[in-house]
**Student:** 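This is the structure I have questions about; it appears just below.
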Amino acid sequence: MEDVSDILDPLNEAQREAVAAPPGRTLVLAGAGSGKTRVLVHRAAWLNRVEGASPFTLMAVTFTNKAAAEMRGRIETLLGFSAAGMWTGTFHGLSHRLLRRHWREAGLTESFQILDSDDQKRLLRRVMRLLEIDEARFPPRQVQGYINSRKDDGQRPDDLGEGADPHTDRMIRIYRAYQEACERTGQVDFAELLLRSFELLRDNASLRNHYREQFRHVLVDEFQDTNGIQYAWLRMLAGPEADLFVVGDDDQSIYGWRGARVENIRRLTDDYPDVRVFRLEQNYRSTATILKAANALIDNNSGRMGKNLWTDGEDGEAIMLYAAFNDLDEARFVVDRLREAIADGHARSELAILYRSNAQSRLFEEALLTHGIPYRVYGGLRFFERAEIKDALAYTRLVSNPQDDASFERVVNTPPRGIGGKTVDLIREQSRARRASLWDAAEQCLQERLLPGRAHNAVTQFLALIQALGEQVTDQPLAEAIDLVIKGSGLRELFARDRDDRGESRLENLDELVSAARGFEQDWEGDGEMDTLTAFLAHAALEGGEGQAQDWQDCVQLMTLHSAKGLEFPWVCLAGLEEGLFPHRMSAEDPDRLEEERRLCYVGITRARRRLLMTWAEKRRLHGEERWCAPSRFISELPDDLIHHVRTRVSVSRPAMAIRRGLAESHEMADSGFHLGQRVMHPKFGEGVVLQYEGQGPSARIQVNFDTVGAKWLVASYAKLQGA
DNA sequence: GGTAAAGTGTTCCGC
DNA sequence: ACACTTTACC
């Protein structure tokens, strides 16, 4: 018998049972901080050592490239040898791999390219212009969302019944035209990667059987984030006989808005009645106090699979709750606590401020700046999404394939070279009339002298430039090729010209692109399915650029709750716990979306290891307007005995507020007996905050934002309001 | 073809 | 309010 102590010993009882489950269908409900990745990694090792599964028969699927890389690394460490034969990657990455291998069977061109969402929107715009559809009535963003969700549900235009209503019919028409444009030009968007590879397996029995035979063991991470097509994809690949090992947490599903279906967890237990379910509830991260709060909060959600986090560690400190006078006061208070923590010897990188929306970072940044505390804000534009990088890549694509219309349009007048809108319109017109690419259309325009003299010269030069670059670049290594393109296209010069910080960082980014290409070239062993350039472009579309070295210098961490998922910090501040902000106004009405907000709060709480600080502001500037806020309902869902209320302002701030609001308002308020921002009690609606006041005497109306039912207008003389 | 003025949107952002 | 994009005009 193989010695498996190194695999099982580091695990607790529940983890061990899951890892050593017999091959079959296994669902592991892994609570926050319960060692989810560890279980996946050890399962892979177990399969290899005990079940004798060769790495070639293993597939591990995750959502992000970062998670995929981490899992792969940890498996290799544990196994002590390379897991090279193992297919590890994201749903999109693995689909991409299948499609490259079987592009013919999938009905694609050999050199198909991946459209990222910007490219997709640009192509969509073009298609809509051809169909003469008004962009104002059908915002491309919305159409894009429509098409992607249809694809996420596995639907093609032909699957969609027309005739329902004119609006939907038009959407379907655009979808069809867009899809035809993609097929014609050999372009594949993100959702298409999944749908296409799903269809490939569905419609091709021999391929399906081949891969089912090969991947007898399929491991899936963050299963609660899968959407419809990903679930179908998994079922197609992991046949009814496969060893399917799925890890997820329904309480941490926070991506419903981009198509994730928590229901997939429950669906799995329906679709595979023989599934074994394990629960990981012992938490190794947080204090008992923090876990109690998290459990109590999430208990307000319905239809959970059910889980209760516990720890054998200590209770730890109470959760600190601060009701700030306004958003500035909130930032000041938080940064004061941060400074204390730093003085107590915390590294800055152990401290995190989490918030619901990106805009909230600004005030914290300012407060941190005034105190000279280094910080880093996560969630800006990712490397390959930055304009200058996309320009450089578009040039590179165009140089290697002049028929690429999307790239042509992007760079034809960047840097400005005298090919304005009029000229491009003419070329587009020509391209449509002749059913030719923009490049070919431009050549025809020159030959037939369709352009005015000035434009004629400009276009001649542009075409010559691209051709010349094409010749220079032939047979050059990737990095040199990209460098040549950046210099030759005039992009470098363009950004060098504006010498502010902006231009400076753009130049740095361009340099970074060249080094990224060099690094990619070194790591990438050609597998005969793609040339280096194609591979690099796919890499740029799929990997976003997280691979950049993050200087993990010691700084305070600022990020949205969404980007905090999967991370942990000894010291966490959850800021902006107000009705309308968190839960967000857009989600408060719909019970499902409200539950997702609650899960987001749960994710936030469970990020904290030792200390948790929660704050809300009674008054906040939002979209340029001062608003009165009620504390988030999530606060009242936490057991009060876990909370330490900090009140530094109780008696002082309210009169101060009335003064700041200005005299006119306080007079009006005076004759109702209430003032703006005051907490009041209504016999039916419960407690709330006075938001606005209108009119005088018996017809005067008062707007109250109730904690449970939201904002309502009431006639002051009828509403039996009481000060609370 | 470049700058100024008007317009737009404003929750979360993986691949 | 603000940042960013598109349009309008010189």
Side-chain angles (χ1 to χ4, degrees), chain A residues 61-68 89-97 114-121 125 135-136 139-142 145 148 151-152 188-195 197 221-222 225-227 229-230 233 253-260 327 354-363 378-382 384-385 387 413-423 454-455 458 497-498 502 538-546 559-566 576 580-588 593 596-597 599-601 603-604 620-627:
Chain A
V61 198
T62 63
F63 264 85
T64 65
N65 289 294
K66 204 170 142 220
T90 62
F91 281 100
H92 293 87
L94 297 171
S95 298
H96 178 236
R97 206 164 158 182
I114 300 173
L115 293 175
D116 69 16
S117 27
D118 271 7
D119 303 330
Q120 183 184 31
K121 189 149 56 181
R125 274 227 170 79
E135 288 194 9
R141 242 186 96 93
Q142 218 171 299
N148 288 338
K151 290 190 177 186
D152 284 349
V188 172
D189 59 54
F190 286 141
E192 184 75 15
L193 285 172
L194 295 167
L195 181 50
S197 58
D221 192 13
E222 304 277 21
D225 289 337
T226 51
N227 63 28
I229 190 67
Q230 285 158 343
W233 187 95
S253 162
I254 56 174
Y255 285 113
W257 53 274
R258 75 184 182 205
D327 43 4
L354 311 182
Y355 36 79
R356 177 64 177 86
S357 58
N358 278 310
Q360 287 170 258
S361 76
R362 206 191 92 247
L363 286 174
Y378 288 83
L381 265 194
R382 289 153 5 120
F384 285 110
E385 281 165 356
N413 203 29
T414 323
R417 55 167 65 82
I419 307 177
K422 270 259 181 300
T423 312
R454 216 182 140 103
R497 222 180 307 138
D498 44 43
R502 191 96 188 90
H539 165 86
L542 283 171
E543 316 240 344
E546 286 306 318
M559 64 189 83
T560 64
L561 287 154
H562 283 89
S563 16
K565 187 172 166 220
L581 187 59
F582 189 28
H584 197 273
R585 194 180 304 86
M586 310 289 284
S587 304
R593 297 175 66 175
E596 181 155 312
E597 296 278 318
R599 292 193 291 267
L600 194 53
C601 187
V603 166
R620 179 180 298 276
R621 241 188 143 70
L622 214 60
H623 311 310
E625 212 185 339
E626 295 237 292
R627 287 171 190 258

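Convention: sequence-line order gives letters A, B, ...; per-chain numbering from 1. For the numbers below, each heavy atom of this structure counts, side chains included, while hydrogens, waters and symmetry mates do not.
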**Student:** To the side chain of R258(A), which of dT11(B), dC15(B), dC13(B) is closest?
**Tutor:** dC13(B)
**Student:** Closer to the 5' end of DNA chain B via nearest nucleotide, is it A191(A) or P139(A)?
**Tutor:**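 First, find each residue's nearest nucleotide; the 5'-ward one identifies P139(A).
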**Student:** Between dC13(B) atom C1' and Q120(A) atom CD, what is the distance in whole Å?
**Tutor:**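 Distance, rounded to whole Å: 14 Å.
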**Student:** So D116(A), base contact, sugar-phosphate only, or nothing? Heavy-atom distance under 4.0 Å.
**Tutor:**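 Nothing: the residue D116(A), judged by heavy atoms under 4.0 Å, touches no strand.
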**Student:** Rounded to whole Å, please give me the gap between CG in N148(A) and P in dC13(B).
**Tutor:**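 In whole Å, dC13(B) P and N148(A) CG are 18 Å from each other.
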**Student:** Check the distance between dG14(B)'s C1' and K151(A)'s NZ and give it to me in whole angstrom.
**Tutor:** 17 Å
**Student:** Output the rounded distance in Å from OH (Y355(A)) to C1' (dC13(B)).
**Tutor:** 14 Å
**Student:** Ignoring hydrogens and geometry beyond distance, is a side-chain donor-acceptor pair present between Q360(A) and S357(A) at under 3.5 Å?
**Tutor:** yes
**Student:** Is L542(A) close to F190(A) at the side-chain level, that is, under 4.5 Å between some pair of heavy atoms?
**Tutor:** yes
**Student:** If the plane angle is over 60° it's perpendicular, under 30° parallel, otherwise tilted; pick one for Y255(A) and H562(A).
**Tutor:**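 Taking H562(A) first and then Y255(A), their aromatic rings sit tilted (interplane angle of 30° to 60°).
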**Student:** Rounded to whole angstrom units, what separation is found between the CD atom of Q142(A) and the P atom of dT10(B)?
**Tutor:** 11 Å
**Student:** Kindly point out which of dC15(B), dC12(B), dC13(B) is positioned nearest to the side chain of R141(A)?
**Tutor:** dC13(B)
**Student:** Any idea which of dT11(B), dC15(B), dC13(B) is nearest the L542(A) side chain?
**Tutor:**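 The listed nucleotide nearest to L542(A)'s side chain is dC15(B).
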**Student:** Please examine the side chains of L581(A) and Y355(A), heavy atoms only from C-beta on, and report whether any two atoms are closer than 4.5 Å.
**Tutor:** no
**Student:** Go through dC12(B), dC15(B), dA1(C) for me and flag the one nearest to the R356(A) side chain.
**Tutor:**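 Ranking dC12(B), dC15(B), dA1(C) by closest atom to the R356(A) side chain puts dC12(B) first.
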**Student:** Name the nucleic acid region contacted by R621(A), choosing base, sugar-phosphate or nothing; use a 4.0 angstrom heavy-atom cut-off, strictly under.
**Tutor:** sugar-phosphate
**Student:** For nucleotides dC13(B) and dC2(C), find the distance between their P atoms and express it as a whole number of Å.
**Tutor:** 22 Å
**Student:** What is the distance, to the nearest angstrom, from the CG atom on L622(A) to the C1' atom on dT10(B)?
**Tutor:**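 Those two atoms, CG and C1', are 9 Å apart.
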**Student:** Touch check for F63(A), heavy atoms < 4.0 angstrom, all strands: base, sugar-phosphate only, or nothing?
**Tutor:** sugar-phosphate
**Student:** By nearest atom, which of the nucleotides dC15(B), dA1(C), dC13(B) is closest to the S563(A) side chain?
**Tutor:** dC13(B)
**Student:** Under 5.5 Å between ring centres and under 30° between planes: true for H92(A) and the base of dC15(B)?
**Tutor:** no
**Student:** Side chain of E597(A) only, heavy atoms from C-beta on: which candidate in dC15(B), dC13(B), dT11(B) is closest?
**Tutor:** dT11(B)
**Student:** With the side chain of W257(A) defined as its heavy atoms from C-beta on, choose the nearest nucleotide among dC15(B), dA1(C), dC13(B).
**Tutor:**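 Within the option list, the nearest is dC13(B).
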**Student:** Does R593(A) contact dT11(B) through a side-chain donor or acceptor facing the base, at a distance under 3.5 Å?
**Tutor:** yes
**Student:** Of all the nucleotides listed (dC13(B), dG14(B), dT6(C)), which has the minimum atom distance to the side chain of R125(A)?
**Tutor:** dT6(C)
**Student:** Could you tell me how far apart K565(A) (NZ) and dG14(B) (C1') are, to the nearest whole angstrom?
**Tutor:** 10 Å
**Student:** Just compare dC13(B), dT11(B), dC15(B) and give me whichever is closest to any side-chain atom of N358(A).
**Tutor:** dC13(B)
**Student:** Could you state the CG-C1' distance from L581(A) to dC12(B), rounded to the nearest angstrom?
**Tutor:**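 My rounded result for the distance is 12 Å.
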**Student:** Could you check whether E596(A) pairs with R593(A) (Lys NZ or Arg NE/NH1/NH2 to Asp/Glu carboxylate O, under 4.0 Å)?
**Tutor:** no
**Student:** Step through the shown structure and confirm whether more than 12 heavy atoms of other residues, nucleotides or ligands are within 6.0 Å of CZ on R141(A).
**Tutor:**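 Incorrect, the count does not exceed 12.
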